[in-house]
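Since the structure comes first, as structure tokens, the remarks are kept for the end.
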Amino acid sequence: MSHPSVEKIKRESRRLRGTISEGLLDASTGSLGFQDQRTIKFHGSYQQDDRDLRDERRRQKLEPAHQFMIRIRAPGGVFTPRQWLALDRIATTWGNHSLRVTTRQTFQFHGVIKRELKATMQAINAAALDTVSACGDVNRNVLGASNPLQSDLHAQVHEWAQQLSLRFRPATRAYYEIWLDEEKVAESGVEHEPLYGETYLPRKFKIAVAVPPHNDVDVFANDLGLVAIVDGAGNLSGFNVAIGGGMGASHGIAAHYPRVGNVIGFVTPEQVFAIAEAAISVQRDLGDREERKHARFKYTIDDHGTDAIVALMQERAGVVLQPARPFRFEHNGDRFGWVEGGNGLWHLTLSLPSGRIADTPGRPLLTGMREIARVHQGEFRLTANQNVIIAGVPAAQRALIDALVAQHALDLENNAPTATARTAVACVALPTCALAMAEAERYLPGFLAALEPLLARHGLREAPILLRVSGCPNGCSRPYLAEIALVGRAPGRYNLFLGGDHRGQRLNTLYRDNVTEAQILQALEPLLARYAGDREAGERFGDFLHRSGLIELPPYPTHRQIAVELHA
Ligand code: SRM
Ligand code: SF4
């Protein structure tokens, strides 16, 4: 039986209700119906199954071990200690005893079973959080720079992320009716969706706000990137706008490619909502609704031409973009350790292994973070590099936090003995991700262990080489912006990409196709040796590969790097 298209499912979902409520009550299966599996994404949840158990369950003629991933909507990624404790309780009561920090600054739970889904959603809501449009063809979690060195601006950027997220939430009450038992009103299921209409967007839409010189949100990987421009007195003058970033690709299909957003101009703070809404509405109307793999804003822009899209955005927003203002990013990573944030408060950034906060032998990270949440009075900020900042710690409390960090192996030495390990990012992949072709999160520690002797041999243990691993070409770890990236092809086999920069401004290039770990290390060895011997002072690995002519820009049709003349 052929399944209806996602466009049809959206249209017939009665504003994202479908038959989810009924499906939750069906005790004969751990699964939802096909259409509801699509609709529930808009409520921040994915139906998955444990792929480690697939074969065995098939052999036993059992249905797959169905379970649900739940993603929180957390614009800017800020949580209170109370919320942390509530999320910890949810993970240990209904989830798989782990909290997973994502590359979009929020938490995911894995392993929630259908009959406990509603209770979990209600517990999330009781913690003053929700999961509305954390997934689905709508505006997704809005990223906001988390860099603790810019305390005043952080508050402003966080507010922008919040406001953009609220502004572009769907209008339907479906979430509240299904999960929170809100009473159905007469127009239930036919509400007016002023921005999205009845078929929502052709695809997901992503917004990020960055504050130079730190590009910790990888602003150019977003459909709409806002680069804060600050005047000499440190006040926000407005934003440079970048459009058309995206990482998704397919192996061997040239028409599916990653792209860095192109900077199209500058807007004042008063113009931000209008220009953002115009971008979303242009994508809503012109985006491809036939082929989902070709439906992101980046393809709409490339198909229609940047000039035409920008003209339409300006017309719809009633805004004339000013010329882009100069800016300069220094890096797209996090700054680890303690920094003073002003007002006598300190911030501690911890490097977490792929953002997975769980208790494993010798590394009780979930327990450690819980103990910290019990005494911490500031806030927790998640970073888009899957790390956590314990923010707003009074000087007098630093020793207590340090002791808890050391006691629970949350420190850098235990977690990440090389600079590359500290900054590495890996997507979830197996066993929960349905699309994974190879391991990522579970493979990263092993790969780092294999890479470490090579780095040590060339005196590069402290060289901050940016490594990212994805289990398939969809690019959830933003691998195409890394200096070294592994992108899964098949179990134990990866495509090796090299030559991204450390600012998130240049895409990397395929260097070896479908290779094993031994072949990857073999390919890297001579390059690292040359880098160790021939690099200029402060020169990063990706830049060195380009300067030495060892790598060229990738052959994608458009926007492979941000124009250098924009950099102050
Ligand atoms: Fe992603 C699909 C996990 C950030 C591009 N992503 C998925 C799914 C839901 C698999 C699926 O569709 O069945 C993965 C769930 C795995 C699991 O078991 O949890 C998944 N994506 C993730 C996370 C958890 C990766 C991580 O390890 O942190 C990130 C959650 C972000 C969040 O909190 O909202 C995550 N995904 C990203 C990013 C990075 C970003 O946004 O900065 C990208 C690249 C940027 C972009 O969107 O272009 C990304 N995910 C994708 C794609 C490719 C989309 C495309 O344009 O083709 C897919 C596949 C799809 O949508 O069909 C995908
Ligand atoms: Fe899954 Fe692929 Fe995303 Fe990794 S990159 S989480 S394997 S969809």
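Positions are given from 1, in the same order as the sequence printed here. Just follow the structure's listing: the first ligand is 1, and inside any ligand the first atom is 1.
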Check contact between Leu435 and ligand 1, using heavy atoms of the residue and a distance below 4.0 angstrom.
yes
With distance as the sole criterion, is a donor-acceptor pair present between the side chains of Ser98 and Arg356 under 3.5 Å?
yes
Contact with ligand 1 for Arg203, non-hydrogen, under 4.0 angstrom
yes
Taking heavy atoms and a distance under 4.0 Å, where does Thr102 meet ligand 1: side chain, backbone, both or neither?
both
Arg104: what forms a side chain to side chain donor-acceptor pair (under 3.5 Å) with it, not counting sequence neighbours?
Asn222
Is the distance from the ring center of Phe327 to that of Phe329 below 6.0 Å?
yes
Close N or O approach (Met69, ligand 1; < 3.5 Å)
no
Is there at least one pair of N or O atoms, one from Val428 and one from ligand 1, spaced under 3.5 Å apart?
yes
When you check the side-chain N and O atoms of Lys298 and Asn262, is any donor under 3.5 Å from an acceptor?
no
Between Asp302 and Tyr257, is there a side-chain donor-acceptor contact under 3.5 Å, judged purely by atom types and distance?
yes
Asn141 N/O under 3.5 Å from ligand 1 N/O
no
List ligand 1 atoms under 4.0 Å from Arg104, heavy atoms only on the residue side.
31 (C), 32 (C), 33 (O), 34 (O), 40 (C), 41 (O), 42 (O)
Numbering as shown, the atoms of ligand 1 that approach Gln108 to under 4.0 Å (heavy-atom distance)
17 (C), 19 (O), 24 (C), 30 (C)
Is it the case that the side chain of Gln47 and the backbone of Lys41 share a donor-acceptor pair, with hydrogens and angles ignored and the cut-off at 3.5 Å?
no
Could you pull out, from Ala221, Pro479, Cys476, the option with a heavy atom nearest to atom 1 (Fe) of ligand 1?
Cys476
Side-chain atoms of residues 198-205: list all donor-acceptor pairs with protein atoms under 3.5 Å, sequence neighbours left out, distances to 0.1 Å.
| residue | atom | partner | partner atom | Å |
| --- | --- | --- | --- | --- |
| Thr199 | OG1 | Arg289 | NH1 | 3.4 |
| Tyr200 | OH | Glu193 | OE2 | 2.5 |
| Arg203 | NE | Arg292 | O | 3.0 |

Considering only heavy atoms of Gln386, which atoms of ligand 1 have at least one such atom less than 4.0 Å away?
26 (C), 27 (O), 28 (O)
Among the heavy atoms of His110, does any lie under 4.0 Å from an atom of ligand 1?
yes
Would you find more than 12 non-hydrogen atoms of other residues, nucleotides or ligands less than 6.0 Å from Arg115 atom CZ?
no
Regarding Glu63 and Ser31, is there a side-chain donor-to-acceptor distance under 3.5 Å anywhere?
no
Using heavy-atom distances only, which candidate in Lys293, Glu441, Met247 approaches atom 48 (O) of ligand 1 most closely?
Met247
Taking a cutoff of less than 4.0 Å between a non-hydrogen atom of the residue and any ligand atom, is Arg100 in contact with ligand 1?
yes
Should Lys204 be counted as touching ligand 1, given the test is an N or O pair under 3.5 Å?
yes
Protein-derived N, O or S atoms lying under 2.8 Å from atom 4 (Fe) of ligand 2, waters excluded
1
Give yes if a backbone or side-chain nitrogen or oxygen of Lys206 is under 3.5 Å from a nitrogen or oxygen of ligand 1, and no if not.
yes
Under 4.0 Å from a heavy atom of Gly246: which atoms of ligand 1 are those, numbered in the order shown and with their elements?
48 (O)
How does His256 reach ligand 1, if at all, at less than 4.0 Å between non-hydrogen atoms: by side chain, backbone, both, or neither?
neither
Arg296 contact mode with ligand 1 (heavy-atom cut-off under 4.0 Å)
side chain
Please could you name the atoms of ligand 1 that Thr106 approaches to less than 4.0 Å, counting only its heavy atoms?
33 (O)
Which of the ligand 1 atoms, numbered from 1, are nearer than 4.0 Å to a heavy atom of Gly475:
43 (C), 44 (C)
Using the rule side chain to side chain contact (heavy atoms under 4.5 Å, CB included), only one of Val469, Asn508, Ile465 pairs with Ile484; which is it?
Ile465
Tell me if a side-chain donor or acceptor on Arg71 pairs with a main-chain N or O of Gly44 at a distance below 3.5 Å.
no
Checking Asp334 against Thr349: is there a side-chain donor and acceptor pair closer than 3.5 Å?
no
Note: heavy atom closest to atom 22 (C) of ligand 1, options Arg71, His294, Gln47, Gln48, belongs to Arg71
For residues 88-99, the salt bridge (charged side-chain N to carboxylate O under 4.0 Å, His left out) pairs (sequence neighbours left out) are Asp88-Arg370
Region of Ala426 that comes within reach of ligand 1 [heavy atoms, distance under 4.0 Å]
backbone
Asp501/Arg540 ion pair, N-O < 4.0 Å
no
Taking atom types as modelled and ignoring hydrogens, do the side chains of Arg493 and Asn514 form a donor-acceptor contact shorter than 3.5 angstrom?
yes
Heavy atom under 4.0 Å from ligand 1: found in Gln105's side chain, backbone, both, or neither?
neither
Do Tyr443 and Glu517 have side-chain N/O donor and acceptor atoms under 3.5 Å apart?
yes
Regarding Asp216 and Ser146, is there a side-chain donor-to-acceptor distance under 3.5 Å anywhere?
yes
Relative to the heavy atoms of Thr432, which atoms of ligand 1 are at a distance of less than 4.0 Å?
17 (C), 18 (O)
